[in-house]
Amino acid sequence: MAAVAKEHGSATGNGKRWHDQHPELGTAPVPIEPYISQEYFNLERERIFRKVWLNVGREEEIPQPGNYLVKDLPVCGASILLVRGKDGRLRAFHNVCSHRSNKLVWDQRGSCQMFACKFHGWTYGLNGQLTFVPDEESFFDLKKGELGLTPVAADVWEGFIFINLDPQPQESLKEYLGEMGESLQGYPFAEYSATCYRWTTELHANWKILKDAFQEAYHVAFLHKRSIPDSFTGKNNPFSHGLDYRLYPRHRKMAVYGNMEHQPTPVEKMAFQFGSLVIRNDFSLSNLPPGVNPTKDPSWALDLNVIFPNFFVDVSEGTYFTYNMWPLAVDRTLWEVRTYYPQPKTAGQRFSQEYSKVIFRDVIMEDCSTLEQTQSVLASGAKSHFVLQDQEILIRHDHRVHEDFVGFYR
Amino acid sequence: MEIETEKEMEIETEKGEPMAEHVLPETFRDLEPFAGWALATEKERNQKRLASTMAEIQSFYDAILPRMEAVIAYLNQFPLDAMPADAQRLLSLTFSLAEVSTAVELFKQPGVIDGYDATRFVPVHK
Ligand code: FES
Ligand SMILES: [Fe+2]
């Protein structure tokens with residue numbers, strides 16, 4: 001792969017294609033049906049979201065015993081309560097009272113000693129055990145020991161909290177992440193996660209339209225020609241060809257080219273004096289682990305790490321960002337965007353983070369428009385397939401993995 | 001943080017002369033006409049950007065950019081979590097510079113060209 005990476009500079013390429021290394025994927029156009037079909041959406045719910053490990057937050061969000069976090073998963077009609085117990089252990093439960101199924105915790109986050117249901121006052125400990133039932137004597141053979149909150153499988157990878165709605169997950173989180181997880185070993189997530197800026201938005205688009213747009217760089221030279229005119233494209237790489245692509249059984253990654261000749265704007269230059277930006281300005285060799293920028297190409301900007309089904313962990317030097325795409329309906333998606341930075345120690349560092357998050361956000365404003373415009377004409381029937389080029393191989397791979405789970409065309 | 005408008009900042013002296021009440025540190029009084037940009041949250045700063053004309057945005061940008069080296073050097077004396085109120089306002093002015101920079105330097109208009117409705121992209125942070 002390294003030999004191919006050297007060729008990114010050529011506009012026409014060296015005749016070698018990434019698809020040559022993955023003949024099993026073919027090169028045919030991919031179907032649009034999965035983006036508009038209610039039947040497909042229903043299968044995604046059952047065969048993906050109820051089956052696999054899903055990222056729902058970071059450990060920093062619930063550091064202390066008694067801290068809790070609620071994560072609603074409308075795609076599965078579920079709400080998950082994540083809580084750090086008195087023993088320091090992180091546990092996940094269905095956020096559903098054992099009496100008559102009232103949603104137990106209504107706020108998004110907080111800290112407490114116990115959970116009391118608002119409906120009839122049933123009370124649970126931080127470990128999910130039912131501890132108190134008002135007017136208990138009026139019930140019939142109530143076995144409190146068997147009426148705790150319903151547990152949900154939870155585990156942590158590099159500080160990221162995952163849950164699995166399958167009562168008997170078929171594999172551990174470590175097994176599920178496999179080589180993708182290993183490739184990020186040693187990345188300074190803890191240090192970089194001190195500061196988190198985050199946005200949410202509800203888009204009128206299928207969740208895979210979002211995923212597709214953020215796992216290719218072909219669009220950068222066009223959609224982002226104003227906002228990032230020379231950061232990810234350059235004289236020797238006008239179409240943002242990737243430095244490297246890796247496909248795993250479920251997950252995938254791309255090393256994104258960064259233009260060392262990039263000319264910063266005046267405010268960007270100012271910001272860069274005080275801290276690392278999401279747009280790389282310093283291309284001196286970093287001490288990031290071997291799995292990051294795997295070919296160690298000096299013209300490296302960041303790695304896109306796409307974790308199936310809906311979690312992106314895109315890492316750069318000094319900062320990283322994540323996306324979670326949560327389907328609400330076949331044509332609606334709740335999108336969570338987070339950017340992470342080290343703790344700013346000075347006003348200058350804080351200013352540089354502010355600049356970095358503003359440019360990051362404004363670039364995304366360009367992406368979001370296209371996502372909705374695409375969805376708005378998708379059901380017209382004008383086209384039945386998307387045509388993909390070599391540099392859109394991650395999208396093609398995603399289609400393959402989806403079909404592996406959903407089995408719609410089998 | 002409560003932001004005073006320029007009107008509210010003027011108080012009457014005994015002789016009936018208006019006297020400006022200063023909101024920024026002494027060295028940076030030249031930026032006081034732009035104190036309206038000293039807003040505490042990204043949402044407010046973005047809203048002000050979108051509600052401003054390019055001329056207003058440009059004059060703020062032109063005024064603060066050449067002062068930034070001095071502004072940051074001044075602010076860097078203070079711990080981030082214990083800044084005097086006037087320094088805090090000055091810091092949020094620098095955040096507004098970050099906010100308007102893309103309008104001035106990239107889009108040449110207040111909002112992102114062909115951009116998504118900014119009010120739908122909701123910051124969960126400040
Ligand atoms: S539903 Fe919770 S106490 Fe009745
Ligand atoms: Fe984009």
Side-chain angles (χ1 to χ4, degrees), chain A residues 108-109 195-205 223-229 263-271 273-275 277 334-339 343-373, chain B residues 39 41-43 45-46 49-50 60-62 64-83 87-88 90-126:
Chain A
Q108 291 296 303
R109 64 190 61 229
T195 309
C196 175
Y197 306 104
R198 46 194 290 209
W199 302 264
T200 62
T201 190
E202 196 181 310
L203 279 148
H204 297 278
L223 185 65
H224 301 310
K225 61 179 181 284
R226 298 182 186 91
S227 56
I228 33 177
Q263 295 298 315
T265 67
V267 175
E268 180 185 354
K269 210 172 184 169
M270 183 74 61
Q273 288 178 38
F274 306 110
L277 307 177
L334 179 75
W335 190 28
E336 296 177 336
V337 178
R338 305 185 187 201
T339 62
Q343 187 66 46
K345 293 191 183 73
T346 63
Q349 287 167 8
R350 178 63 186 82
F351 164 71
S352 94
Q353 292 181 3
E354 187 68 22
Y355 174 78
S356 192
K357 86 172 147 89
V358 167
I359 180 69
F360 176 78
R361 184 202 65 205
D362 281 2
V363 171
I364 284 179
M365 294 291 104
E366 295 174 325
D367 291 300
C368 286
S369 292
T370 291
L371 304 173
E372 292 198 329
Q373 298 287 3
Chain B
L39 298 165
T41 66
E42 177 184 322
K43 192 175 170 182
R45 294 188 290 269
N46 184 248
R49 163 181 161 183
L50 296 178
F60 167 57
Y61 177 97
D62 290 342
I64 189 170
L65 184 59
R67 303 284 277 128
M68 276 297 283
E69 296 273 1
V71 166
I72 296 292
Y74 174 84
L75 292 175
N76 277 351
Q77 316 170 69
F78 304 105
L80 260 183
D81 53 1
M83 277 198 178
Q88 187 69 48
L90 188 60
L91 178 63
S92 59
L93 269 194
T94 74
F95 295 171
S96 277
L97 173 64
E99 179 64 51
V100 303
S101 69
T102 57
V104 173
E105 297 175 342
L106 303 170
F107 304 118
K108 323 287 182 205
Q109 65 169 45
V112 177
I113 296 175
D114 290 337
Y116 188 63
D117 176 356
T119 61
R120 292 175 57 199
F121 201 71
V122 183
V124 183
H125 55 261
K126 288 252 162 163

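Quick note on labels: first sequence line is chain A, next is B, and so on, each numbered from 1.
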### Message
Rounded to the nearest 0.5 Å, what separates atom CD in A/E354 from atom CG in B/L97?
### Response
10.5 Å
### Query
Are any of the side-chain heavy atoms of A/P344 and B/L80 separated by less than 4.5 Å?
yes
### Message
Quick check on B/L91 against chain A: is it the side chain, the backbone, both or neither that has a heavy atom closer than 4.5 Å?
### Response
side chain
### Task
Tell me, out of A/Q353, A/E336, A/M270, who's got the most heavy-atom pairs with chain B below 4.5 Å.
A/M270
### Message
Does any backbone or side-chain atom of B/Y61 lie under 4.5 Å from a heavy atom of chain A? Answer side chain, backbone, both or neither.
### Response
side chain
### Message
Looking at every heavy atom in both A/F351 and B/T94, which two are closest together, and how far apart are they?
### Response
CE1-O, 3.3 Å
### Summary
Correct closest heavy-atom pair for B/L65 and A/P266 would be CD2-CB, 3.9 Å
### Query
chain A heavy atoms under 4.5 Å from B/D81: which part of the residue, side chain, backbone, both or neither?
neither
### Message
For B/E105, give me all partners under salt bridge (Lys or Arg N to Asp or Glu O under 4.0 Å), at least two apart in sequence or on another chain.
### Response
none
### Message
Once rounded to the nearest 0.5 Å, what's the spacing between atom NZ of A/K225 and atom CG of B/L106?
### Response
13.0 Å
### Task
Determine the minimum heavy-atom distance between A/L203 and B/R120, stating which atoms define it.
CA-NH2, 4.1 Å
#### Entry: B/T102 side chain vs A/I359 backbone, donor-acceptor pair below 3.5 Å
no
### Task
Considering non-hydrogen atoms only, spot the tightest contact between B/A118 and A/M365 and give its length.
CA-SD, 4.2 Å
### Task
Name the member of A/K345, A/E366, A/R361 that forms the most heavy-atom pairs with chain B at distances under 4.5 Å.
A/R361
### Summary
Shortest non-hydrogen pair, B/L75 vs A/A347, comes out as CB-CB, 3.4 Å
### Task
Kindly say whether B/H125 contributes a backbone atom to a donor-acceptor pair with the side chain of A/R198 at under 3.5 angstrom?
no
### Query
Taking every heavy-atom pair that is under 4.5 Å apart, which of A/L371, A/T346, A/T370 has the most such pairs with chain B?
A/T346
### Test: A/R350 cationic atom under 6.0 Å from B/F95 six-membered ring centre, within 45° of axis
yes
### Summary
Heaviest contributor of heavy-atom pairs below 4.5 Å to chain B, chosen from A/Q373, A/Q273, A/E268, is A/Q273
### Structural part of B/V112 lying under 4.5 Å from a heavy atom of chain A
side chain
### Message
Checking the side chain of A/S369 only, and the main-chain atoms of B/D114 only, is there a donor and an acceptor separated by less than 3.5 Å?
### Response
yes
### Message
Just to verify, what does A/W335 make a side-chain hydrogen bond (donor to acceptor under 3.5 Å, both in side chains) with, not counting sequence neighbours?
### Response
none
### Query
For A/V337, is it the side chain, the backbone, both, or neither that has a heavy atom closer than 4.5 Å to a heavy atom of chain B?
side chain
